[in-house]
Amino acid sequence: MPANSSQKLPLFALTGMVVGSMVGSGIFALPRNFGIATGPFDAMIAWLIAAGGMYTLALIRIDGACA
């Protein structure tokens, strides 16, 4: 490959890489910060509340799809 040739990524691909890295880092950083701030017992309660809410939303979505 010649030394003066360069490969360029389109703007859409570069934007996708930046957004993906920001979202990916947030997935790992947010639960860590939340666990440090609340402690393990409170974090488990929050996860149970969130799981109950997601389950309720899933049931509502299924009920709406069957109607």
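Side-chain atoms are counted along with the backbone in the values below, which use heavy atoms only and exclude waters and symmetry mates.
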For [X], the rest of its hydrophobic cluster, which grows through side-chain links under 4.5 angstrom:
X	result
Ile45	Phe41, Ile49
Met17	Leu9, Leu14
Leu59	Tyr55
Val18	Met22

Next item on the list: Kindly give the heavy-atom pair with the smallest separation between Ala46 and Phe34, and that separation in Å.
Entry: CB-CZ, 3.6 Å
